[in-house]
Amino acid sequence: MDTCIIKSPLGFTKITGDNMGISSVTVLNSEEIISETIPETLQDCVTQLKEYFEGSRTTFNLKLSPKGTDFQKSVWTLLQQIPFGKSISYLELSKQLGDPKAIRAVANANGKNPLWIIVPCHRVIGTDGSLTGYAGGLYRKQWLLEHESPNKQQNLFLSS
């Protein structure tokens, strides 16, 4: 399994994968040594994440190979269908899977998503619009949603 560490606006990011695809993209809560060389199998992922953070990419085109149960994979597949700049509630996601009562299982699968940003679990919010749990921290979820918002928040205090 190939691994690299890159720096993103939200912290150090660990990417793992091989010829079968990207298996995980994880934001870390500690400082790490940035990889000097990026394995060939991970180069597209690094490039596409950089483009996403620069604002020039709204969808990812990567071969993915996450590890999970069939149910988790079905949730992760649905997450990839949430359009850039949009959000959906856990209840709506459960309904799309055909079982509104599976809301806790859907939330649990969402929380176990191994492909940070690429499988956009940050686009799932509470029915009331609240930013409910996020494995990477709610401040990161808020940052990602604002980054993707078609109505960017203007900074009132311009630095000179």
Side-chain angles (χ1 to χ4, degrees), residues 1-88 90 93 96-97 105-125 131-155 158-159:
M1 191 67 60
D2 295 325
T3 302
C4 71
I5 304 285
I6 63 170
K7 181 89 167 87
S8 80
L10 293 173
F12 292 87
T13 303
K14 180 179 181 181
I15 303 168
T16 60
D18 56 24
N19 290 329
M20 299 300 292
I22 304 299
S23 56
S24 72
V25 176
T26 310
V27 65
L28 306 171
N29 290 318
S30 61
E31 287 199 23
E32 301 289 332
I33 296 172
I34 296 171
S35 300
E36 290 183 27
T37 59
I38 306 297
E40 187 176 335
T41 56
L42 307 179
Q43 287 177 358
D44 274 352
C45 184
V46 170
T47 298
Q48 290 186 35
L49 283 169
K50 181 180 177 190
E51 292 168 350
Y52 169 85
F53 284 116
E54 290 172 346
S56 62
R57 176 171 290 278
T58 59
T59 60
F60 292 92
N61 180 19
L62 297 165
K63 186 176 179 183
L64 304 178
S65 182
K67 308 288 183 261
T69 67
D70 288 343
F71 179 78
Q72 288 170 333
K73 289 178 182 179
S74 68
V75 172
W76 302 337
T77 297
L78 277 180
L79 291 174
Q80 292 176 74
Q81 297 170 18
I82 305 169
F84 182 90
K86 302 289 183 190
S87 60
I88 187 173
Y90 290 98
L93 201 55
Q96 286 184 12
L97 279 171
V106 166
N108 188 35
N110 198 54
K112 296 217 183 307
N113 169 25
L115 293 161
W116 183 58
I117 297 176
I118 295 166
V119 174
C121 57
H122 60 277
R123 296 180 188 155
V124 184
I125 59 174
L131 298 184
T132 57
Y134 187 64
L138 289 180
Y139 73 97
R140 286 187 178 117
K141 183 173 190 166
Q142 182 172 355
W143 189 97
L144 291 166
L145 291 171
E146 288 174 3
H147 176 68
E148 295 182 3
S149 173
N151 304 314
K152 302 278 189 227
Q153 180 68 35
Q154 298 274 329
N155 188 343
L158 302 175
S159 57

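- Within the 4.5 Å cutoff, no side-chain heavy atoms of L131 are placed close to those of H122.
- In this structure, I15 CD1 and Q43 CD are separated by 11.0 Å, a value rounded to the nearest 0.5 Å.
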Practice item. Kindly indicate, with the supporting measurements, whether the criterion side chain to side chain contact (heavy atoms under 4.5 Å, CB included) is fulfilled by W143 and E146. Key: CA-CA 5 Å; W143 189 97; E146 288 174 3; 5.6 Å; no

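- One finds the OH atom of Y134 at 8.0 Å from the CG atom of N113 (value rounded to the nearest 0.5 Å).
- Taken to the nearest 0.5 Å, the CG atom of L93 stands 9.5 Å off from the CD atom of Q81.
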Can I get a per-line list of side-chain donor-acceptor pairs under 3.5 Å for residues 58-67, giving both atom names and the distance, sequence neighbours left out?
unit_1: K63; atom_1: NZ; unit_2: N19; atom_2: O; d: 3.3

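- Taking the six-membered ring where the residue is Trp, F53 and W116 present tilted rings, their angle falling between 30° and 60°.
- In this structure, I125 and S87 approach most closely via the heavy-atom pair CD1-OG, 3.5 Å.
- Among residues two or more places apart in sequence or in another chain, the side-chain hydrogen bond (donor to acceptor under 3.5 Å, both in side chains) test is passed with T37 by none.
- Judged by distance alone, with hydrogens and angles left aside, the side-chain atoms of S149 form no donor-acceptor pair with the main-chain N or O of L145 at under 3.5 Å.
- Counting heavy-atom neighbours within 6.0 Å of K50 NZ, excluding the residue itself, gives a total of 12 or less.
- Side-chain contact between C4 and P39 is present, with heavy atoms from C-beta onward closer than 4.5 Å.
- Here the CG-CD1 distance, from D44 to I38, works out to 12.0 Å after rounding to the nearest 0.5 Å.
- Within a 6.0 Å sphere centred on CD of E54, other residues, nucleotides and ligands contribute more than 12 heavy atoms.
- When all heavy atoms are compared, the tightest approach of I82 to R123 is O-NH1, 2.7 Å.
- Contact detail for S23 and P114: the closest heavy-atom pair is O-CB, 3.8 Å.
- Of the candidates L79, V124, L78, I88 forms a side chain to side chain contact (heavy atoms under 4.5 Å, CB included) with just one, namely V124.
- Side chains of S8 and L49 form no contact here, defined as non-hydrogen atoms less than 4.5 Å apart.
- Between F71 and V106 the shortest side-chain heavy-atom distance falls below 4.5 Å.
- What you find for I118 and C45 is that their closest heavy atoms are CD1-SG, 3.7 Å.
- Between the OG1 atom in T3 and the CD1 atom in I5 there is a gap of 7.5 Å [rounded to 0.5 Å].
- H147 contributes atom NE2, which lies 8.0 Å from atom CD1 of I117 (distance to the nearest 0.5 angstrom).
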